[in-house]
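Okay, structure first, notes after.
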Amino acid sequence: MTWLLALTAGALFGVGTWLLLQRDAIRLVLGLSLLLGATNLFLFSCSVFRGAAAPYVPVAGQATDPVPQALVLTAIVIGFGVVAFLSALVLTVAWRMKTLDADAVSRLRD
Amino acid sequence: MERFPPPSAGWALALLIALPFAAAAAGPLLRGARLRRVAWWPAAAVAALCLSGFVWLRASHGEVRFVLPWIPAWNLDLRLRLDGLAFLFAVLVTGIGVAIAVYSARYLDEELRNHRSTRSPATFHALLLFFLGSMLGLICADELFTLYAFWEATSVSSFLLIGLHLHERRARAAAIEAFAITAGAGLLLFLAFICIAAEAGASALPTLAERKVALATSPLAPWIGLFLVVGAAAKSAQAPLHFWLPSAMVAPTPVSAFLHSATMVAGGVFLLARLGPLHDALPGFRTLVVALGAITMLAGGIGATGAHRLKAILAWSTIAQYGFVTLLLGLGAWGAATFAMAGHAVLKAGLFLVAGVVTRATGETDVRRLGALARAMPVTAGVTFVLALGLAGLPPSVGFWMKELTYGATIDTGVPWIATASFVAGTLTLVYMLRFCWRVFVRRATTRRPLRARRAWLLGPPLVLALLSLAWGIAPGLLASLTDPAAASAAGRPIETEATVGWPPHGAFWLGLASLAVGAAIFAWMERRGDAQVAAGAARFGAARAALPPAVLFVALVRAGGPGRTFRRSLPALDAFGRFLARVQTGRLVHYLLFLAAVPIASALWLLPRVERWPELLAIDRVSRSGLALGTLAAAAVGLALAAAIVRSHIASILMVGVVGFVLALIFALLRAPDVALVQVAVETVGALLLLLVLSRIRMTIREAAMSPQGSRPRAGRIATLLAAGAAGAMVAATSLAVQANLGDPALGRAFFERSAAIHVDAVVTAVLVDFRGLDTFVEIVVFAAAALGTALLLARGASGRAPGRQATRDGRPAGGVLRTTTRLVFPVVLIFAGEHIINAATAPGEGFSGGLLTALSIVLLYVGMGYAPVERALPAFGRWGMVAGIGLVLATGLAGRVFRGSFLAHLGPTPTIGGEEIHLTTHALFDLGIFLVVSSGVLAIFRAVGQREELP
């Protein structure tokens with residue numbers, strides 16, 4: 001479990017970073033999305049205790065750590081907001097500069 | 001929450017200082033041509049109001065104090081005090097401020113026209129008021145850091161006012177020079193203040209006076225003294241930091257009269273007076289100040305004698321006169337120093353104003369080309385003579401008493417060279433003041449210039465100031481009654497200034513008489529010889545004197561060579577250095593991202609070897625069922641991610657990443673996190689749909705161009721990318737392993753279960769989000785709303801910059817009947833689930849977040865199935881207002897908690913007993929509802945923004 005989570009998070013993060021560094025703007029957005037997912041998985045791996053049940057009061061004895069779950073929940077929602085904003089930026093760039101190439105866009109002028 | 005303290009004199013003081021700031025903030029609201037014309041009278045009214053306010057406060061309450069606790073742990077409060085010194089300066093600043101505001105009423109329009117400036121008078125007066133407020137704050141500050149804050153505010157407002165004519169290079173350069181010197185020295189001053197506060201353990205001035213000994217015995221004391229002097233010297237334009245003042249004369253005349261003669265440059269000497277009790281505590285301080293004053297007054301005198309432009313003469317004169325004041329402060333002659341400060345402020349402001357009148361009337365600023373104006377401008381000539389000769393020390397002006405007191409103090413020291421230096425400086429004062437008034441008004445003109453009509457209005461303020469100087473000259477006791485309490489505050493003991501000549505007249509009187517005589521003689525000699533010969537003679541004399549090392553210092557100081565030239569030469573070097581540093585900004589996103597990635601990777605490389613424990617190596621001797629399931633899912637996720645990275649088609653990549661998200665949701669479910677899994681599923685669905693929608697709004701040609709092979713990147717770039725990705729992934733994996741081997745205390749997580757049970761909420765995660773860490777959640781929904789709003793605003797302009805309103809009329813091929821019917825059937829089911837999530841938030845998986853996301857998802861499904869336009873027509877638009885309502889609801893619950901329970905976001909509500917069971921109705925539900933509103937409206941706002949624009953595929 002320890003190694004599984006760590007390696008999966010690392011692998012997803014690596015793929016996400018690679019996509020983030022590509023020229024194609026759409027792949028950039030996808031890379032960011034993967035990055036966010038990998039980070040959430042990483043946060044989960046930081047749970048202090050893991051149990052056989054979800055964190056609800058009746059099964060408090062065997063429950064898992066609720067703290068990373070709360071953090072990840074908010075992180076997912078904000079991550080969506082960020083991806084939405086980034087895709088709006090990509091859309092604007094595509095309209096104004098008529099290109100999706102990140103290497104070709106280096107000035108803020110139209 | 002503490003109730004507001006009852007109104008008191010202290011609050012009145014604070015209000016008086018806040019008033020100019022508030023008026024300045026309202027300045028830009030004065031738009032429109034008609035309002036421009038009357039822009040001046042609010043400024044004058046505010047200044048007059050402050051003046052009367054200060055007088056009333058002083059008369060009714062004596063000494064007024066104001067304390068606002070700020071950082072109790074450091075003994076740092078915001079303190080204000082209206083004592084004698086503050087009152088003197090407050091009266092001067094506000095009084096002269098009224099005069100300046102009245103003057104600029106008529107002066108400014110033509111000035112702006114002459115310089116073809118686009119600034120409005122309202123901006124000018126707003127800046128003037130901002131400066132007034134900062135200056136008042138500076139003089140009333142009773143604590144080191146309050147003082148420093150206002151000190152820098154005056155530097156900033158000076159910068160803004162000098163550079164009023166933004167489009168002129170000279171103005172910008174002068175403003176930057178002034179700011180660089182005063183603010184740069186201000187940083188040293190800040191350092192000195194920090195040292196003082198650290199050594200003495202307090203930063204309030206009254207406390208500091210008591211703790212002098214701690215300061216005196218500290219090893220930092222000489223440095224503190226040095227930095228204080230440097231900071232004060234830069235502000236008051238003392239040598240060698242004096243060169244910014246003559247350059248600052250490019251500012252409009254009212255600015256020069258207000259800031260750079262009477263008030264802002266007085267800040268430095270004011271600081272020295274304010275810190276009077278500390279003077280003996282710092283070793284070498286007095287000597288340094290005396291030397292500074294002596295050098296400056298001589299350098300200023302020489303500079304003024306050699307200057308040709310009216311305002312330049314006055315600028316150098318200001319430098320010299322403040323040299324006098326600095327000298328007096330260093331000698332400990334408090335009464336004479338405050339008397340000189342007040343007298344000089346009034347005289348110099350008046351002189352600048354008449355210089356403005358002369359320049360406005362003749363269009364000429366050079367003294368060599370002016371002359372014989374007395375017949376055409378008699379009143380102006382009279383006023384100028386009164387002011388100029390008054391400054392030089394002729395009775396019956398206040399300047400006479402200034403000189404008397406100065407000479408008296410220098411003679412009393414018993415050190416001959418100090419008295420000699422002040423004698424020379426005093427002589428020079430008469431020389432250049434005569435040059436100023438005689439040349440302009442009496443001497444025959446060398447060129448005939450037509451005289452333009454000038455306004456009597458402009459003469460009003462300088463006339464008043466001249467009459468005031470005469471009144472003070474005839475009855476010096478009037479001014480002494482103002483300056484003596486000021487001197488007493490600075491000295492820490494009562495001071496009484498005797499402005500009398502005495503009979504037989506004491507040494508100071510004879511010295512003054514002698515300096516006047518010598519000065520008149522020198523001036524007559526200069527006039528006889530004429531300008532060119534005097535210049536040639538001075539050059540020869542200067543060349544001869546250059547052989548003497550001490551004289552070199554003077555020549556270097558005076559001719560704005562030396563420090564001034566060094567400063568100006570260093571500016572291009574600074575620019576070049578900045579450009580060199582800016583080479584890091586290549587303009588390519590991939591470089592920036594690589595830099596960004598390098599930092600955490602580097603820090604991980606540094607930190608990870610220091611981890612103490614690592615988990616044991618992977619040992620697969622027993623594979624549990626859940627472990628197998630997790631392993632399969634993890635492999636699927638990684639495989640799909642790699643496939644998404646390799647595949648060419650955009651749509652395929654998007655869908656694959658979406659499925660990766662779903663697999664992650666399954667992983668979360670297996671890890672016993674149902675709420676998170678729900679939210680992840682909803683977000684991934686919505687996210688994939690959003691990306692597909694975005695894709696459909698981009699032209700096919702652009703998309704195809706992007707999908708083509710990426711081989712055009714150089715191989716080094718591709719390798720760097722792979723390496724960075726690999727390193728990043730390895731870093732995350734290693735960090736995760738390190739964390740898992742060094743886990744913390746489980747008590748925090750376990751404690752949440754108990755707390756949750758106490759408030760009767762079964763779902764601990766919901767409780768953590770809404771009840772225990774409500775503030776985090778609140779900030780988080782604000783961030784989400786900001787992102788959604790940003791998306792909506794960004795896309796509101798659209799492709800061709802057209803305003804929004806052009807709805808998508810063509811939705812491409814209409815969706816098939818199956819899709820349409822299915823979405824219409826599914827949408828209410830999803831809504832029901834969303835509702836269930838919210839209702840059962842406390843006991844079952846799901847809360848405001850998942851409810852909101854599912855609601856938005858259901859409407860997005862409608863968009864997909866039925867097209868954009870029909871949905872928009874049918875459903876009410878609740879994008880932005882929904883978010884506002886949601887945030888407002890959460891704020892209201894939070895404030896209700898603050899008011900009734902004492903802390904923000906504490907939940908409250910009745911618990912009635914129905915049917916034998918306790919029902920807990922708390923504001924927890926309202927918070928959840930707020931979250932629901934924000935999330936659903938945000939997602940819909942995003943979709944509306946992306947979907948509304950029509951773009952040809």
Side-chain angles (χ1 to χ4, degrees), chain A residues 1-4 6-15 17-21 23-24 26 30 33-34 37 42 44-46 48-49 53-58 60 64-67 69-70 72-74 76-78 80-85 87-88 91-92 94-95 98-103 106, chain B residues 587-590 593 615 618 630-631 634 638 641-642 645 650 653 657 664 671-674 676 679-680 683 687 690 694 697-698 702 706 710 721 725-726 728-729 732-733 736-737 739-740 743-744 746 749 752-753 756-757 762-765 768-769 780 783-784 787 790-791 794-795 799 849 942:
Chain A
M1 179 80 82
T2 316
W3 283 84
L4 193 64
L7 288 174
T8 318
L12 284 176
F13 200 90
V15 176
T17 312
W18 190 81
L19 278 176
L20 196 63
L21 296 169
R23 289 177 76 164
D24 185 357
I26 305 283
L30 293 176
S33 188
L34 278 177
F42 171 81
F44 256 99
S45 77
C46 300
V48 179
F49 54 92
Y56 285 86
V57 165
T64 62
D65 192 356
V67 176
Q69 295 189 12
V72 169
L73 220 152
T74 59
I76 293 176
V77 177
I78 294 188
F80 170 69
V82 171
V83 167
F85 191 74
S87 50
L91 203 53
T92 313
W95 285 339
K98 309 281 189 278
T99 177
L100 277 177
D101 189 349
D103 279 357
S106 71
Chain B
R588 288 185 44 181
L589 183 64
V590 63
L593 289 173
L618 192 56
L630 219 71
V638 175
L642 283 169
H650 281 150
S653 302
V657 170
L664 276 179
L671 289 175
R672 312 289 185 242
V676 183
V679 173
Q680 174 74 14
V683 163
L690 177 68
V694 165
R697 288 288 183 260
I698 302 178
I702 303 177
Q710 306 287 308
T721 314
V732 169
S736 174
L737 288 173
V739 167
Q740 288 183 72
L743 288 172
F752 279 127
F753 284 93
S756 229
D762 276 349
V764 182
V765 175
V768 169
L769 278 175
E780 181 256 326
V783 170
F784 179 72
T791 314
L794 194 59
L795 297 174
F849 285 107
I942 292 171

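Chain naming here is simple, since letters A, B, ... match the order of the sequence lines and numbering starts at 1 in each.
If you measure heavy-atom distances from A:Phe44 to chain B, the contacts under 4.5 Å come from the side chain alone. Proximity to chain B is limited to the side chain of A:Val15, based on heavy atoms less than 4.5 angstrom apart. Of the two parts of A:Tyr56, the backbone and the side chain both hold a non-hydrogen atom closer than 4.5 Å to a non-hydrogen atom of chain B. For B:Leu690, the part lying near chain A is the side chain, with the backbone staying farther off; criterion is any non-hydrogen pair under 4.5 Å. Of the two parts of A:Ser33, only the side chain, counted from C-beta on, holds a non-hydrogen atom closer than 4.5 Å to a non-hydrogen atom of chain B. Proximity to chain B (any heavy atom under 4.5 Å) is shown, for A:Ala94, by both the backbone and the side chain. If you measure heavy-atom distances from A:Ile26 to chain B, the contacts under 4.5 Å come from the side chain alone. Both the backbone and the side chain of A:Ile76 come within contact range of chain B, each with at least one heavy atom under 4.5 Å from a heavy atom of that chain.
Taking chain B as the reference chain and counting heavy-atom pairs below 4.5 Å, the highest number among A:Leu12, A:Val77, A:Leu34, A:Leu20 is found for A:Val77. Heavy-atom pairs under 4.5 Å with chain B were tallied for A:Ala102, A:Ala84, A:Ala9; the largest tally goes to A:Ala84. Contacts with chain A were tallied for B:Val783, B:Leu664, B:Leu737, B:Val590; B:Leu737 has the most, counting heavy-atom pairs under 4.5 Å. Of the listed residues (B:Thr721, B:Leu589, B:Leu769, B:Val694), the one with the most heavy-atom contacts under 4.5 Å to chain A is B:Thr721. Between chain A and the residues B:Ala757, B:Gly744, B:Pro674, B:Ala728, the most heavy-atom pairs under 4.5 angstrom are made by B:Ala728. The choice from A:Leu73, A:Thr64, A:Thr8, A:Val72 that makes the most heavy-atom pairs within less than 4.5 Å of chain B is A:Leu73. Top candidate by heavy-atom pairs under 4.5 Å with chain B, chosen from A:Ala54, A:Pro55, A:Gly14, is A:Pro55. Heavy-atom pairs under 4.5 Å with chain A peak, among B:Ile942, B:Val657, B:Val739, at B:Val657. By number of non-hydrogen pairs under 4.5 angstrom with chain B, the leading residue of A:Ile78, A:Val57, A:Leu91, A:Thr17 is A:Val57.
Note that the OG atom of A:Ser87 and the CG atom of B:Leu795 stand 8.0 Å from one another [nearest 0.5 Å]. Summarising the geometry, atom CG belonging to A:Asp24 is positioned 8.0 Å from atom CG belonging to A:Asp101; distances are rounded to the nearest 0.5 Å. For the atom pair CD of B:Gln680 and CZ of A:Phe80, the computed distance is 12.0 Å after rounding to the nearest 0.5 Å.
Of all heavy-atom pairs spanning A:Phe85 and B:Ala787, the tightest one is CD1-O, 3.8 Å. In this structure, B:Ala645 and A:Leu19 approach most closely via the heavy-atom pair CA-CD2, 3.8 Å. Across all non-hydrogen atoms, the minimal contact from B:Gly749 to A:Val67 is CA-CG2, 4.3 Å.
Using a 4.5 Å heavy-atom cutoff, the side chains of B:Phe849 and B:Val683 are not in contact.
For B:Ser756 (side chain) and B:Phe753 (main-chain N/O), no donor-acceptor pair under 3.5 Å exists by modelled atom type. Counting only distance, with no hydrogens or angles, the side chain of B:Ser736 and the backbone of B:Ala733 share no donor-acceptor pair below 3.5 Å. A donor-acceptor pair under 3.5 Å is formed between the side chain of A:Gln69 and the backbone N or O of B:Arg672. Although no hydrogens or angles enter the test, the distance criterion places a donor-acceptor pair under 3.5 Å between the side chain of A:Asp65 and the main chain of A:Val48.
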